[in-house]
Amino acid sequence: MTHRATRDVVRRVMPLLEKVAPTTVDRARLLQYLSARVGVDWGAMEAVSDEAAEPEVGAAPRRIVVRDSASGEARTIAYPSCLDPALEPLVIEEYKRLAVGDRLTLMAQPLFDHFFAESHCARCRWRGPEFAPFHRECRFAGHPVNFEPAGNLALDDGGNASG
């Protein structure tokens, strides 16, 4: 049963890992790091240290040491080089949201904007506050589900489609 639950969590968080980490190795490091950080937040692990370290290939020069609350075993986890420290709190919160599988939660607006504002939102036909329900659906899904290119529609000064 534990194996299936773990597999389900990984399936739910994989879209986030793919957005942040460019390679399979980076995704594995990111998954390990996020799991440890969230384990500390949820009380399954204890943070022992967070320190500078000798850089490894694919890892930033920072490591955390966590101790399993049940077994007492300590592990050293390298900070993944693909994770921008400025995005770390948002990525951790998104990981938690996806890991627990809460049905009625939304990706944080700043993280959604980081991933999709330029590539999708700025070119979408459904811009503006009058389309807020469309925007919430996209954030609920964690990716643009209502994206339609603005096409030949004229835009007013506020960037809203008209026509």
Side-chain angles (χ1 to χ4, degrees), residues 1-45 47 50 58-60 62 64 66 77-163:
M1 187 63 138
T2 303
H3 175 70
R4 182 172 183 199
T6 301
R7 190 177 58 221
D8 290 347
V9 168
V10 172
R11 181 186 47 77
R12 287 193 302 267
V13 302
M14 190 54 73
L16 173 66
L17 301 177
E18 290 171 343
K19 285 180 192 75
V20 176
T23 68
T24 303
V25 172
D26 288 333
R27 288 182 204 122
R29 285 188 175 119
L30 180 61
L31 177 62
Q32 183 182 39
Y33 178 79
L34 293 173
S35 297
R37 287 294 311 269
V38 169
V40 169
D41 288 354
W42 288 342
M45 297 188 169
D50 186 342
R62 178 177 153 207
I64 62 169
V66 293
I77 313 262
Y79 187 91
S81 60
C82 60
L83 181 57
D84 180 346
L87 289 178
E88 181 182 5
L90 295 170
V91 171
I92 289 171
E93 287 308 309
E94 180 66 3
Y95 178 91
K96 288 178 187 178
R97 180 183 88 85
L98 296 170
V100 297
D102 281 348
R103 302 251 183 242
L104 299 176
T105 59
L106 304 173
M107 178 184 277
Q109 187 71 53
L111 188 60
F112 192 88
D113 290 347
H114 172 78
F115 290 136
F116 304 110
E118 270 187 51
S119 63
H120 289 78
C121 301
R123 300 181 304 112
C124 187
R125 159 184 194 169
W126 309 114
R127 285 177 288 199
E130 66 272 23
F131 299 112
F134 287 38
H135 306 163
R136 278 191 299 278
E137 286 178 10
C138 291
R139 287 183 41 226
F140 175 76
H143 58 89
V145 293
N146 292 320
F147 175 72
E148 287 184 30
N152 295 332
L153 297 174
L155 300 180
D156 64 19
D157 291 338
N160 298 311
S162 62

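This chain uses plain numbering: 1 for the first residue, then up along the sequence. What's counted below: heavy atoms across the whole structure, side chains too, no hydrogens, waters or symmetry copies.
One finds the CG atom of Leu31 at 12.0 Å from the OG1 atom of Thr24 (value rounded to the nearest 0.5 Å). Rounded to the nearest 0.5 Å, atoms CG (Asp41) and CD (Glu93) are 7.0 Å apart. A distance of 4.0 Å separates OG1 in Thr105 from CZ in Arg97, rounded to the nearest 0.5 Å. The CG atom of Leu34 sits 10.5 Å away from the CD1 atom of Ile77 when rounded to the nearest 0.5 Å.
For the pair Arg29 (side chain) and Tyr79 (backbone), a donor-acceptor distance under 3.5 Å is absent. At distances below 3.5 Å, at least one donor-acceptor pair connects side-chain atoms of Asn146 with backbone N or O atoms of Phe134. For Arg37 (side chain) and Ile92 (main-chain N/O), no donor-acceptor pair under 3.5 Å exists by modelled atom type.
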Are Trp42 and Lys96 close enough, and set up right, to give a side chain to side chain contact (heavy atoms under 4.5 Å, CB included), and what steps lead you there? CA-CA 10 Å; Trp42 288 342; Lys96 288 178 187 178; 3.8 Å; yes
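Contact record, Phe115 with Val20: CZ-CG2, 3.8 Å, taken as the closest heavy-atom pair. The shortest heavy-atom contact between Ala86 and Asp84 is N-OD1, 2.9 Å. When every heavy atom of Glu130 is checked against every heavy atom of Arg127, the shortest pair comes out as OE2-O, 3.8 Å.
Note: Phe116 and Phe112 have tilted aromatic rings, judged against thresholds of 30 and 60 degrees for the angle between ring planes.
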Hey, can you pull the donor-acceptor pairs under 3.5 Å for the side chains in residues 11-19, sequence neighbours left out?
| residue | atom | partner | partner atom | Å |
| --- | --- | --- | --- | --- |
| Arg12 | NE | Leu98 | O | 2.8 |
| Arg12 | NH2 | Ala99 | O | 2.4 |
| Lys19 | NZ | Pro15 | O | 3.4 |

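Contact of the His135 side chain with the Cys138 side chain is not registered, since no non-hydrogen atoms from C-beta on lie closer than 4.5 Å. Considering only heavy atoms from C-beta on, Arg123 comes within 4.5 Å of Phe147 through its side chain. Looking only at side-chain heavy atoms (C-beta outward), Tyr33 and Glu88 come within less than 4.5 Å of each other.
Remark: Arg139 pairs with no residue by the salt bridge (Lys or Arg N to Asp or Glu O under 4.0 Å) rule, at least two apart or across chains.
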